[in-house]
J.: 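Below is the structure I would like to discuss, written out as structure tokens.
Naming: A, B, ... by sequence-line order, numbering from 1 per chain.
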Amino acid sequence: MSQKPSLPKGTRDFGPIQMMRRNFIFSTIQQVFELYGYQPIETPAMETLDTLLGKYGDEGDKLIFKILNSGDFVSKIPTNLLSEAITPDLSRRITPEITEKALRYDLTVPFARFVVQHRDEITFPFKRYQIQPVWRADRPQKGRYREFYQCDVDVIGSDSLQNETELIRIIDRIFADLGIRVTIKINNRKILAGMAELIGQPERLTDLTVALDKLDKIGIEEVKKEWLTRGITEKAATELQPLLTVKGSNQEIINTLQTNLSHTKNGKAGLDELNQVLVLLANYPLQSTVEVDLTLARGLNYYTGAIIEVKSDDVIIGSICGGGRYDDLTGIFGMPGVSGVGVSFGADRIYDVLEHTEGFPGFTQTSTQVLFMNFGDKESPIAYQLAEELRNSGIRAEVYPDVAKLKKQFQYADQNHIPIVVMIGESELTEGKATVRNMITGLQSDSSIGELSANIRSYLLSL
RNA sequence: GUGGAUGUAGUUCAGUCGGUUAGAACGCUGGAUUGUGGUUCCAGAGGUCGUGGGUUCGAGUCCCAUCUUCCACCCCA
């Protein structure tokens, strides 16, 4: 081994234990999705660059992994570009010439593309789920990877606020099933638009929200400073401050906003929507806390209504689930007027949370239950035959593949937590019996070969 | 993308002021036990000190570059 192999930055291998744990997360999420009537789809790992560019803002575009064209792509670069001196933005300008595909950045935009392309095969409202990896050229950190799985649920083609309510119930049920305590934060983009309207700067909505999103982190004074640099007047900032620092119950926050914002068109609409979701939600007992959080802005610029984000109560990590309503996502692909709402679960961060809280169940039951020792060519055929017999009755069994020292075979059983070992050696063979060892207690007993299968079955039930 | 830390055996980590043969624990392999694991005892293997350059009589140790991981920004699942 002259050179140690390595992995690209921000990517990981998953061993057997990690995969059992990951599959536990995926199957829990998938089961709840299907319980609410969502249907699975998949899309390719790569999309054309045109599909992805411009959907996530300038910052997002930089984080898209682009795929180099095949063949002699350099010869296709226009000569006037090639002859230019190397300037800082040369690579940016030749990018469109050398790449036309990219790895998907999220599942929502490919879904929008899917809907537009398959509109004549889809019955609306369309409820789908999608569990696949996405890639971002971000700098890795804790809970931040360059390849990670998203688990998306969306319903597209329905304006009803019942969908928002249903998604929050799905979130609550999934985290209850996973045993994770969470707070579900909700807001509405229209309320934020109403604030921009209130201060007479509706065109500054993005500047308003980008800084506002950091409120709990940097405090109101720093937010106001950033607003100033982003072109929001000092007067406006002072006017907004009391609205954003309201403390109290969800209802108290909404009441305060109602007195201040209900005369703005967007503000009133947003408050009505938020209020109705909360009213609908009151019909169901929820395990999680649902909290109105006006600072919830989320960078993705396609949200138009509800904004949802989920945080772990026990582990400090970025959000583990997020989403919202986007009124016209398919519009950019030439299919206007279709409203969608959805959320995305971050499986890798959920894994990190469960690891911290030691919330994973034990997975010993998924491993082998019975191991047959291998004594040699004369003795092993009966072991293989009996193992197959056990498998036919649903018991996970295996035969040690090599004629190794018993010590080594026992170590294998021990390290793989196999609870029962069956030995059929020369002496057992002549007597027509098998020695059965309980690896937990160390006790051994004999069984006739004919009754072995039945004995092991009842034995396993007693463990 | 910006700034800061980090890297020594399979793993977690020692390694003094730059000095001769780089250590420990756990793990691994073999033996004590030729048909018995998890406990115990004994022995052994395993290192281009992330990589590449430089300073020096001499570099794991100092300098530069690069990569990895981690942290803070930016942004986000």
J.: Rounded to the Å, how far apart are A:E309 CD and B:A77 C1'?
T.: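 Distance check: A:E309 CD to B:A77 C1' gives 10 Å.
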J.: May I ask which nucleotide in the shown strands pairs with B:C75, Watson-Crick or G-U wobble, both distances under 3.5 Å?
T.: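 Across any shown strand, B:C75 pairs with none.
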J.: Rounding to a whole Å, what distance do you find between A:R144:CZ and B:A72:P?
T.: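 These atoms are roughly 10 Å apart.
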J.: Check every atom of B:U68, B:C75, B:U36 against the side chain of A:R437 and return the nucleotide holding the closest atom.
T.: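 Nucleotide nearest to A:R437's side chain: B:U36.
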J.: So what does A:G442 hit on the nucleic acid, given a heavy-atom distance under 4.0 Å: a base, only sugar-phosphate, or nothing?
T.: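 It contacts base atoms.
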J.: Give a yes/no answer on whether the side chain of A:K142 brings an N or O atom under 4.0 Å of OP1 or OP2 in B:C70.
T.: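 Result: no.
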J.: Quick one: the side chain of A:D414 and the base of B:G38, do they pair up donor-acceptor inside 3.5 Å?
T.: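 Not at all, since no donor on one side and acceptor on the other fall under 3.5 Å apart.
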J.: Between B:C75, B:G30, B:C70, which nucleotide has the shortest distance from any of its atoms to the side chain of A:P140?
T.: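 Between B:C75, B:G30, B:C70, the one nearest the side chain of A:P140 would be B:C70.
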J.: Starting from C1' on B:G35, measure out to OH on A:Y400 and report it in whole angstrom.
T.: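 Rounded to the whole Å, the gap is 15 Å.
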J.: Determine the sole option in A:E166, A:Q130, A:Q30 for which the side chain to side chain donor-acceptor pair (under 3.5 Å) test with A:Y38 is passed.
T.: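 Of A:E166, A:Q130, A:Q30, side chain to side chain donor-acceptor pair (under 3.5 Å) with A:Y38 is met by A:E166 alone.
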J.: Nearest of B:U68, B:C75, B:G37 to any side-chain atom of A:M439?
T.: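 Between B:U68, B:C75, B:G37, the one nearest the side chain of A:M439 would be B:G37.
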J.: Answer yes when A:D352 and A:R349 have at least one side-chain N-carboxylate O distance shorter than 4.0 Å, and no when they do not.
T.: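 The answer is no: the pair does not qualify as a salt bridge.
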J.: If only side-chain N and O atoms of A:K311 are considered, is one of them under 4.0 Å from the OP1 or OP2 phosphate oxygen of B:C76?
T.: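 So the side chain of A:K311 is outside the cut-off, no N or O lying under 4.0 Å from OP1 or OP2 of B:C76.
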J.: Want to settle it: does A:P8 or A:A347 sit nearer the 5' end of RNA chain B, counting the closest nucleotide to each?
T.: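 It is A:P8 whose nearest nucleotide is closer to the 5' end.
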J.: Could you tell me whether the phosphate oxygens of B:C74, OP1 or OP2, come under 4.0 Å of any side-chain nitrogen or oxygen in A:K214?
T.: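 For B:C74, OP1/OP2 do have a side-chain N/O of A:K214 under 4.0 Å.
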J.: Cation-pi between A:R136 and A:F65: NZ/CZ under 6.0 Å from ring centre and within 45° of the ring axis?
T.: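 Ring-cation test returns no.
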J.: Base of B:G35, side chain of A:Q409 - is there a donor-acceptor contact under 3.5 Å?
T.: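 No.
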J.: Remember a base hit wins even if backbone is also touched, and classify A:G10 as base, sugar-phosphate or nothing at under 4.0 Å, heavy atoms.
T.: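 Sugar-phosphate contact only.
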J.: Is there a donor and acceptor pair, one atom on the side chain of A:R139 and one on the base of B:G3, closer than 3.5 Å?
T.: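 Yes.
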J.: Assign A:M373 to base, sugar-phosphate, or nothing according to its heavy-atom contacts below 4.0 angstrom with the strands shown.
T.: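 Here A:M373 touches no strand at all.
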J.: Centroid separation under 6.0 Å, is that true for the rings of A:F26 and A:Y149?
T.: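 Yes - the distance between ring centres of A:Y149 and A:F26 falls below the 6.0 Å cut-off.
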J.: Please report the distance, rounded to the nearest Å, between CD in A:Q411 and P in B:U36.
T.: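 It is 12 Å, rounded to the nearest whole Å.
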J.: Is the cationic atom of A:R128 (NZ for Lys, CZ for Arg) positioned less than 6.0 Å from the six-membered ring centroid of A:F111 and within 45 degrees of its normal?
T.: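 Yes, A:R128 and A:F111 form such a contact.
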J.: At less than 3.5 Å, do the side-chain atoms of A:R349 and the base atoms of B:C76 form a donor-acceptor pair?
T.: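 Such a pair exists between side chain and base.
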J.: With a 4.0 Å cut-off on heavy atoms, is A:Y412 in touch with a base, just the backbone sugar-phosphate, or nothing at all?
T.: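 The residue A:Y412 makes no contact with any strand.
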J.: Considering Watson-Crick and G-U wobble pairs with both distances under 3.5 Å, what does B:U69 pair with?
T.: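 Paired with B:U69, as far as the under-3.5 Å criterion goes, is B:A5.
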J.: Between the base of B:U36 and the side chain of A:Q444, is one N or O donor paired with an acceptor at under 3.5 angstrom?
T.: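 Yes, the side chain and the base share a sub-3.5 Å donor-acceptor pair.
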J.: Measure from the ring centre of A:F345 to the centre of the six-membered ring in the base of B:A77, then say whether that distance is under 5.5 Å and the planes meet at under 30°.
T.: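 So no, this residue does not stack on that base, at least one cut-off failing.
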J.: Please work out if A:K9 contacts a base, only the sugar-phosphate, or nothing of the nucleic acid, heavy-atom cut-off 4.0 Å.
T.: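 If one applies the 4.0 Å heavy-atom cut-off, A:K9 turns out to touch the sugar-phosphate alone, with no base involved.
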J.: Below the 4.0 Å mark, does B:A72 have OP1 or OP2 next to a side-chain nitrogen or oxygen of A:Q141?
T.: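 The answer is yes; a side-chain N or O of A:Q141 sits under 4.0 Å from OP1 or OP2.
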J.: Would you say the side chain of A:R12 and the base of B:U69 hold a donor-acceptor pair, judged only by whether the two atoms sit under 3.5 Å apart?
T.: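 No pair found.
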J.: Look at all strands and tell whether A:G425 reaches a base, only sugar-phosphate, or nothing, counting heavy atoms closer than 4.0 Å.
T.: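 A:G425: base contact, heavy atoms under 4.0 Å.
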J.: Checking A:R113 against A:F333: charged group under 6.0 Å from the ring centre and within 45 degrees of the axis?
T.: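 No; the conditions do not both hold, so A:R113 does not lie above the ring face of A:F333.
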J.: Nearest-nucleotide wise, let me know which of A:K62 and A:F410 is further upstream toward the 5' end of RNA chain B.
T.: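 Final value for this comparison: A:K62.
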J.: Has A:R12 got its NZ or CZ under 6.0 Å from the middle of the six-membered ring of A:Y145, at an angle within 45 degrees of the ring axis?
T.: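 Judged by the rule (NZ or CZ under 6.0 Å from the ring centre, within 45° of its axis), A:R12 counts as positioned above A:Y145.
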